[in-house]
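Note sheet for the following structure.
Order of the sequence lines fixes the chain letters, A, B, ..., with proteins taken first and strands second; residue numbering starts at 1 for each chain.
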2 protein chains.
Amino acid sequence: MADIINKDAAAPRSDLQETTPDQEEPPHALVELIELLFFAYRDFTNDPDTILDEIGFGRAHHRVLHFVNHYPGLRVADLLDILKITKQSLARVLKQLVDEGMIEQRPGPSDRRERRLFSTQRGQKLARRLMEPQLHRINKALKLSGMESEEISRKLLYNMINTHEHEAIEELFSRQRS
Amino acid sequence: MADIINKDAAAPRSDLQETTPDQEEPPHALVELIELLFFAYRDFTNDPDTILDEIGFGRAHHRVLHFVNHYPGLRVADLLDILKITKQSLARVLKQLVDEGMIEQRPGPSDRRERRLFSTQRGQKLARRLMEPQLHRINKALKLSGMESEEISRKLLYNMINTHEHEAIEELFSRQRS
DNA sequence: GAAAATAAGTCAACATGGCTGACATAATTA
DNA sequence: TAATTATGTCAGCCATGTTGACTTATTTTC
C-alpha cells in the first residue's frame, strides 16, 4: 500500500530501465571511453575560457583565430569547411576579430574575389596564449600515457574523423609544412 | 605605388604574422593533435544529430539521457557535477525528457529530498539508438589504430581530465560495475 | 562583350543551450 | 525550532548556431 502511494527508489516500477530488457547491451569499456572523451574535451575546451572572458571573446573567436594563425592565407571558404558552420555565423566573429586588429584580410593574389586571412602580431600573440594551457594539458597527458601514446592517439583521432574529410585534412596539414 | 593602394596577398605588411617574430613556436605535431581532436569531436558529436532532429531534442537532451541511462539512480546534483552546467540549464532539458516519458524521477530511498533519475524503457531505447553510431565510429577507429589503441587512448583521455575530477570519475565508473 | 557562376558580405529573424539572480518548497540536520 | 540542503522555478540575458533572401565584386563561360 505505502509502496504504491510513496513509490520511491526502493520500489521499482515496471516501465523503468531498471528491470533491464537488455537486448544487446553495449560494451561498458567502450561506453566509458565515450564518457572519457566527453570529460576530456569538456576540460580541454575550458582551458582558454578565463583568458577569453577577459578580452570579451568567446570560443568561436578562439577557433577562428587558431586556424587563421596556424594556416596564414586561409580563405573564408576554407574556414567554413573546417569549422562546419555557416557563412553568417563565421562573419559575426570574424568581423570582431578584424575590428579588434587580430586578423587582417587581403584580396587573393590570383583571384581578387577571395579574402585571404592573416593573423596580425597581436593575433598571433593571443592565439599562442590561448593555446598554451591546451598544449600543456596534452603534453602532460602524453607523458603520463607512455611513449607510443602520441602516435597512437594521432591515429585514433584521425580514424575517428569522417573518411571523406581525410583528404582535406591532409591538404591542410601539408600547407604549413611548406 | 600600386602596392600601397592595392595591397594584396603578394604584398606583405609589417604587422602581419607572416613576418614571423617566432618567439618559441609551438611544436607542429602537438598543434595538429589539437586540431585532430577538434575534427574528431566535431564529427563524433554530429552523429546523433539526425536522430535528435527527428524527435525535437538537442545535444543537451542527449547528454542528460545518456548519463541517466548509464547510471540509473543518479541524483540531480550528480548530473550537474558531470555536465558542469547550472541547475537552470539542466532543468530545462530534464523537464522535457520527463514530459516525453524518457526519464522518471523518484524520491531517494534514504533522503527524500533527492530526486533519483531513471530512464524508462523508451528512454533506454532512445539512448542506445543515439549511442549506436558513436560506438560504431569508435569501434572502427580502434580497429584501424591497432591493438593497444583502446588501452592507450583510455589512459590519454583520463590523463587529459582535470586531476581533481579523477576521484569522481572513478566513483562514477564503479557504480555501474556493482 | 554579355551572361552566368563564384567568393564574399549583409540583413533579419529565429533556436539552442549556456549564464546570473532571486526566490520557493520540502526534507533533513543541528 | 532553526539552519541547512536538494531541488525547482521565474525572468531575462548572452553566445553562437540556423535559414532565407539579397547585394557586390570578380572571374569564367558562351
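For B:T86 and C:dC19, the shortest distance from a side-chain N or O to OP1 or OP2 is below 4.0 Å. Under 4.0 angstrom from either OP1 or OP2 of D:dG8 there lies at least one side-chain N or O belonging to B:Q105.
In this view, B:D43 and A:I161, A:N162, A:E165, B:R137 satisfy the side-chain contact (heavy atoms from CB on, under 4.5 Å) rule, not counting sequence neighbours. For B:E171, the side chain to side chain donor-acceptor pair (under 3.5 Å) test picks out no residue, with sequence neighbours left out. Contacts of B:H166 classified as ring pair (Phe, Tyr, Trp, His ring centres under 6.0 Å), with partners at least two apart in sequence or in another chain: B:Y158. Applying the side chain to side chain donor-acceptor pair (under 3.5 Å) rule to A:R129 yields the partners A:E54; only residues at least two apart in sequence or on another chain are considered. Scanning for side-chain contact (heavy atoms from CB on, under 4.5 Å) contacts around A:K87 gives A:L80, with sequence neighbours left out. Not counting sequence neighbours, the partners of B:Q96 by the side-chain contact (heavy atoms from CB on, under 4.5 Å) test are B:H61. Judged as a side-chain contact (heavy atoms from CB on, under 4.5 Å), and not counting sequence neighbours, the contacts of B:D49 are B:N46, B:L52, B:R59.
A donor and an acceptor atom sit less than 3.5 Å apart, one in the side chain of A:Q88 and one in the base of D:dG20.
For the segment residues 75-82 of chain B, the set of residues with a heavy atom within less than 4.0 Å of an atom of DNA chain D comprises B:R75, B:V76, B:A77, in numerical order. Taking every heavy atom of residues 44-52 of chain A and every atom of DNA chain D, no pair lies under 4.0 Å.
Residue B:K84 qualifies as enclosed at atom NZ: its count of foreign heavy atoms under 6.0 Å is above 12.
Using a 4.0 Å heavy-atom cutoff across all strands shown, B:K95 reaches no nucleic acid atom at all.
Salt-bridge annotation for B:R122 and B:E100: absent, with no side-chain N of the basic residue lying under 4.0 Å from a carboxylate O of the acidic one. For B:E114 and B:R116, the salt-bridge test passes: some basic side-chain N is under 4.0 Å from an acidic carboxylate O.
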Tabulate below the donor-acceptor pairs under 3.5 Å that side-chain atoms of residues 138-148 of chain B make, not counting sequence neighbours, or state none.
from: B:S145; atom 1: OG; to: A:N159; atom 2: ND2; distance (Å): 3.0
from: B:S145; atom 1: OG; to: B:A141; atom 2: O; distance (Å): 2.5

Report all interatomic pairs (protein N or O, nucleotide N or O of nucleotides 26-28 of chain C) with separations under 3.5 Å.
from: C:dT28; atom 1: OP1; to: B:R112; atom 2: N; distance (Å): 3.3

Pairwise N/O distances under 3.5 Å, protein to nucleotides 14-16 of chain D:
from: D:dT16; atom 1: OP1; to: A:R59; atom 2: N; distance (Å): 2.9
from: D:dT16; atom 1: OP1; to: A:A60; atom 2: N; distance (Å): 3.1

